[in-house]
Structures are given as structure tokens and as C-alpha cells.
Amino acid sequence: MASGTSRDVLGRGLRVLGRAIREQPRIFAVAVTGSVLFGLMVIASAYVVGGVVGKVVVPAIARGSVAGGTLALAAAALFGISVLRVVGIFGRRLGAGYMQYRLQAAYRRRVTRRYLDLPLAWHHRNATGTLLSNANSDVEAAWYPIAPLPFAVGTLVMLVGAVVSLFLTDWALALVGLAVFPALFALNVVYSRRMAPRQARAQRLRAEVSGIAHESFDGALVVKTMGREAQETERFGARAGELRDALIAVGRLRGVFDPMLETLPSLGTLAVLVVGAVRLRQGAITVTELVSVAFLFTVLAFPVRAIGWVLAELPRSVAGWDRVRRVLDATGEMPYGQTTLDPATPAPATLAFHDVHFGYEPAEAHLPGTEVLGEVTFTVPAGRTVALVGPTGAGKSTIASLAVRLVDPRAGTVTLDGVDVRELTAASLASTVALVAQVPFVFDDTVRANIALDRPGIGDEEVWAALRLAEADGFVAALPDGLDTMVGERGTSLSGGQRQRLTLARALAGRPRLLVLDDATSAVDPRVEAAILAGLRAPADRPSSGPERRQAAPASILVVAYRRATIALADEVIYVEHGRVIARGRHTELLAAVPGYADLVTAYEQAEQEREQTRPYEEVTPLTSGLEVEVDR
């Protein structure tokens, strides 16, 4: 991994810091100003202390008394310097913290925005746990050195000032400083290079541990029902153990270098005292100067460590930044066009596929891609219902994804009312088309929030209308708090069929002109499903069956269907196999003319009958673990 090499980590780390400074120059200037003020006051305090000792304390000891005015002046000088140091510390810490957290917040937003811009194919190649780590710990690691950075810059200014003051005081003492300060810097560079691969590995393992944890928790139902608790615990424990060992390696190296970094300034102070005593006997310096230089080395020990803190965190910063940049630099986003469909048009939309080809990109560049669809051509006329039928893996869900532009075709076009979907604006596409996917996703929020999604113009009246159309108003009204009922993470307090009807109501609340149902009612009782589809098919100028129970929805419908009753309701059936359209026509026509279609629908019907006998729909008792157990109606 590039970020794990030791040769260029310093240069690359400094470039990351340079980016941070360019993005937040004003805040950085405030922080550095505070740090420089602190550094100058450190130098000043050394010479003030030296002056107090040489000109106040020593004479007072010799005379046996001290002048009150002199003592007051010394106290005022020390107090003034202390106040300015506090101001410097406040400016440095406030600016550094504000800069660090602003950068972390900004890049978390950028990474998340990038996730939403990238196509599903990219997400399929990246584990959810890794993506969570990119947006959280990797962003945090990338900007972690920002906190000590202004302190380190101020320390560099302080070191230059200290060396100049040392030369002005005595050349021999200055040589001691010139020996100690470069040694500290060189030690920090060696430390940074040794730390680079260890920090990179630890950062990578953090993402892997997060990925395994997310996968295990998300698949808790499978883990428990298949009795894989021990194996999953062992798998997680093994990777967590690797992370532990990696962090121990980081701590071990830090434990070796930290004492060395702490000792060097102390050795410098000792050297100053030895050399200074010799120079004092030679009459080259005074007691005041010796005390000032010795005190200067003492107080420099802590600020100089700030440089070490920055250099020590650079490997982790580079590792985190590389992982963040991998997301920000990822390609494959689908830019939207500038064309809009008339939002005031209430008429159903016409969907058309024209010689569409599609294939998924390989996980690795040198591998061939997977061809999924080829020469797919069909139309969903305005106001009509078209059913997609085919065996597993035939490409039905891919067609549904193309219809709502979750992916783009490799060749051919998908059009809405004659306009290529790639030319539409994001807002126009979202207001025209709605997808209800195979697996319903429900947010950990109220029923109302799950359906409205804070979209303008969707109040309680529109929510209830959508619920009625989805045959969900009855069970929602029976919930403890109605629309205000919290449904739990992924809707764990609801049955599978209830979740599906809730997500259908969410789509309908936006009044789409084209509704794409990807096996969206598989967990719903067949009688309820028939009522839903009948309501969706009802003409806009007359209510569907029942005493005004549903509001008719003028929309074209593309439905991925399995049940014979669902298929029979369609105006046309598109039969697909191996990514190709094999036949089209009415359900009865295909039953008579296409043996493969007849065999498939018959098999579906038999499986459905067995399912109805053994697995009743809808009623589910949620458990505290988040799993669900079906019970008899």
C-alpha cells in the first residue's frame, strides 16, 4: 500500500497538511499567531527569569535584603508575560481545534456526497464497513495532526528565536543548541518513517474490523438461524486480534522513541549547565545569562515535542487521507442533464427501452465484465401495466434499475416520454419515477417520516391517501401512536408485508408518473396484493373498488412479477431469459405459445400454493433481538 512506505511519508504528509492550510487559511493564521505569541513569551520568560535571578535574587542574598520596587517590577514582568502566554495558548488551541473539526466535518460531508454520486456498481465492489470507516475514522485520522500543527509551527519560530538569542548570548552555548535541536528533528524523522507502515496497517485493520462487525450484525438473522454464532465470533475475534497486535506494535515503537524524545532536551539542559559553568569561570558570561539559557532549554523541552507529535501522526494521517482520497477520486458517477419534464403534467409517463445492453464492471480491472442484458427493447405505454417475468438471473431487477436510472446502459437508450433519462435533471427524474425494491428499507423513525421523507407538499392528508392506496391504512391506524409510531431499525416492529406496503406508500406519496415494482409485494397476502394492484390500475377518473378507500393513482406501472394473479392483471407481459426479451404479449397468449413461460409460471404457482399452506403472511411477532418469527394468522 502506497501509504505504508517509509520513504515518502514525510513529504506526502506535509502535502496533506498543506491542503488543510489552503482550505482554512484564516483559522490557521489565528492559531499560528497564538502559537508564535506563546513561543516568543517562552523565550522572554527565560530571560526575565534569568534577570530576576541575576539582578534581584543574587544581589538580595548578598545584601541580605531586597528592594520592594525591584521585586514589584520583577513580579509585574513575570505576570505580564504569563498573561500573554495564556492569550497565546487560548488562540492556538481554539484555532487548531476549530480548524480540525471544520475539516473533519467538511470531508465527512464530501465523502458522503461522493457515496451518493457514485453508481451502484461501485458500491457493490466496496464493503459497507469499509465505507463507514472511510467517512468516520479515516477522515478523523487524515486531519488528526491539525491539532498540534499550529503549535509545531510556532515552535519552529520559537526555535529560530532561541538559536538567535543563544548566539547573541554566547557562541559556545549556541553550539549546544545547534547540536540538540537538529538531533531532535532527526529523531522525529526516523520515528515517523518507522511508524508509517505500522499506522497504515492499523488503519486498514480498523476498516476490516468495522466491515466484519457490520456484516455480522446486519446478517444476525442468518447467523442465528444457521447456528454460526461461534464461527462469526471467532472470525471477528481473529481480525480484532490482528488490530490489537497492530496497535500494540504502534504503542511499542512509541514507547521506544518517546523516552528518547523526552531525554534529549534534558541532556541539552545538562550540557548547557556544564558548558555554561566553564564559560562562567572564564568570565565569558554572567550568572543572569547562564540561568536564562538553562531555563530556556528547560521550557523548550515541551514545545519541541509538538514537532514530534505532528511527525508521529503523519503516517496515520497519510494512511487515512489515502483511503479518503480513494473515495473522492473514484470515477463512474452518472451526471444528470438539464432537461425537465413538465411537473404539472398529471398524465402517466411512457417508458421505452431501445436496444439496451448492460453489464457489470469487474471487481478488478484485468478481469472481464459480466454481460447481463442485450438487445432489450420494449415499451410501457402511458397508463398501462407491463409485467416482467423470467427465471432467476434473467435480468429483471437490472431492467428495473435501468428504468429509474440507478445504472446506465452500456449501449442503447432508456427514455421517459421520449427523453433519454441521462438528459433529465435529478429533480425531474425523482418526481417522475419511483422504485419499490425487492427488499423494503424502513428508517428508524416514525411512520409519517418514513412516508413523507420531508418532501414538500406531503402532509398528513397525502400520507393517508398513499397508505390507503397501498392497503396500509388499516394496520397503521391500529398502531399505538398511528403515524407517530416509531417502527424501529429497518422496521423491526413491523412484519415483512407491512414493511413492503409502507415502502409502497412512500413511493406513491410522491405521485410518480411511472411506478416500478421489483417484486415489491412478495411478502403481502395474495388477496391484499390483488387489492393493491387493482387500486393502482384504477383509472384516474373513477375510484377503485370499495367505498372510497383508495385514491386512484394515474401512473404507468412496470412490475417484476411472479404470481399468476399479478401477471394476469398486466396489460402486457415481457418474458426475459438470459438478459434477452424472448416473447411479449398477454398472459394467456404466452401460456399457449411459449413453453418456457408456461413452465415457469406453473412452477411459481405451485411454489406459491405450498407457501400459502406452510407460511402464512403478514403476522409477525418482533423479538428484542431484532429478528422476526412468523405465527399463524
Side-chain angles (χ1 to χ4, degrees), residues 118-125 332 334 349-363 367-381 384-416 420-422 429 433-440 507 514-522 556-564 566-567 570-587 589-591 593-604 607:
L118 289 166
L120 286 180
W122 185 88
H123 286 270
H124 292 160
R125 297 194 299 269
M334 300 185 298
T350 297
L351 171 71
F353 278 60
H354 305 277
D355 195 23
V356 169
H357 295 252
F358 179 81
Y360 289 105
E361 296 294 332
L367 297 177
T370 303
E371 187 71 18
V372 178
L373 299 178
E375 302 177 357
V376 173
T377 299
F378 69 89
T379 300
V380 179
R384 310 295 280 177
T385 299
V386 173
L388 276 176
V389 180
T392 301
K396 303 183 298 297
S397 292
T398 302
I399 291 174
S401 297
L402 286 162
V404 297
R405 210 197 166 203
L406 292 178
V407 292
D408 280 337
R410 285 184 177 176
T413 58
V414 179
T415 64
L416 283 171
D420 191 325
V421 293
R422 289 170 288 198
L429 184 64
V433 185
L435 169 71
V436 185
Q438 287 177 313
V439 180
L514 171 66
L515 185 63
V516 181
L517 305 176
D518 186 4
D519 193 24
T521 54
S522 58
S556 308
I557 301 174
L558 175 64
V559 55
V560 176
Y562 294 91
R563 293 171 178 166
R564 181 189 290 263
T566 305
I567 298 169
D571 298 300
E572 184 181 27
V573 178
I574 306 295
Y575 179 58
V576 294
E577 282 186 1
H578 307 296
R580 301 290 193 277
V581 175
I582 304 300
R584 69 184 66 196
R586 299 284 298 182
H587 170 59
E589 297 171 353
L590 296 186
L591 277 178
V594 183
Y597 175 81
D599 292 341
L600 183 66
V601 173
T602 301
Y604 283 157

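- A donor-acceptor pair under 3.5 Å links the side-chain atoms of R586 to the main chain of D571, judged by distance alone.
- Residues L558 and L517 fail the side-chain proximity criterion, which asks for heavy atoms closer than 4.5 Å.
- Closest approach of E577 and A394 over heavy atoms only: CA-CB, 4.1 Å.
- Under the ring-ring contact (aromatic ring centres under 6.0 Å, His included) criterion, Y597 pairs with Y575, H587, sequence neighbours left out.
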Would H354 and T415 count as a side chain to side chain contact (heavy atoms under 4.5 Å, CB included) here? Give the steps. CA-CA 8 Å; H354 305 277; T415 64; 3.4 Å; yes
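- In this structure S397 satisfies the side chain to side chain donor-acceptor pair (under 3.5 Å) test together with D518, sequence neighbours excluded.
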Could you walk me through whether V356 and E375 pass the side chain to side chain contact (heavy atoms under 4.5 Å, CB included) test, one step at a time? CA-CA 5 Å; V356 169; E375 302 177 357; over 6 Å; no
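- Scanning both residues, L402 and P409, for their nearest heavy atoms gives CD2-N, 3.6 Å.
- Shortest non-hydrogen contact noted between A403 and V433 is O-CG1, 4.2 Å.
- Looking at residues two or more places apart in sequence or on another chain, you find no side chain to side chain donor-acceptor pair (under 3.5 Å) involving R584.
- Of the candidates V414, V372, L388, V560, I399 forms a side chain to side chain contact (heavy atoms under 4.5 Å, CB included) with just one, namely L388.
- In terms of the salt bridge (charged side-chain N to carboxylate O under 4.0 Å, His left out) criterion, D599 has no residue partners (sequence neighbours excluded).
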Derivation and outcome, side chain to side chain contact (heavy atoms under 4.5 Å, CB included), residues L416 and L351: CA-CA 5 Å; L416 283 171; L351 171 71; 4.1 Å; yes
Should V389 and I567 be marked as a side chain to side chain contact (heavy atoms under 4.5 Å, CB included) after you check the CA-CA gap, both sets of side-chain angles, and the distance that decides it? CA-CA 8 Å; V389 180; I567 298 169; 3.7 Å; yes
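- Put simply, the side chain of I574 reaches to within 4.5 Å of the side chain of V386, judged on heavy atoms.
- For the pair T413 and R422, the tightest heavy-atom approach, listed with the atom from each and the gap, is CG2-NH2, 3.6 Å.
- Expressed to the nearest 0.5 Å, how far CG of L514 lies from OG1 of T350 amounts to 9.0 Å.
- Side-chain contact between H357 and L373: absent, with no pair of heavy atoms (C-beta onward) separated by less than 4.5 Å.
- The backbone N or O of A349 lies less than 3.5 Å from a partner atom in the side chain of S556, making a donor-acceptor pair.
- Looking at T385 and V559, their side chains come closer than 4.5 Å, going by heavy atoms from C-beta outward.
- The stretch residues 396-405 participates, sequence neighbours left out, in these salt bridge (charged side-chain N to carboxylate O under 4.0 Å, His left out) pairs: R405-D408.
- Of all non-hydrogen atoms in A583 and L590, the two that sit nearest each other are CB-CD2, 3.8 Å.
- Within the 4.5 Å cutoff, no side-chain heavy atoms of E572 are placed close to those of R384.
- With sequence neighbours excluded, the residues forming a side-chain contact (heavy atoms from CB on, under 4.5 Å) with T377 are D355, listed by chain and number.
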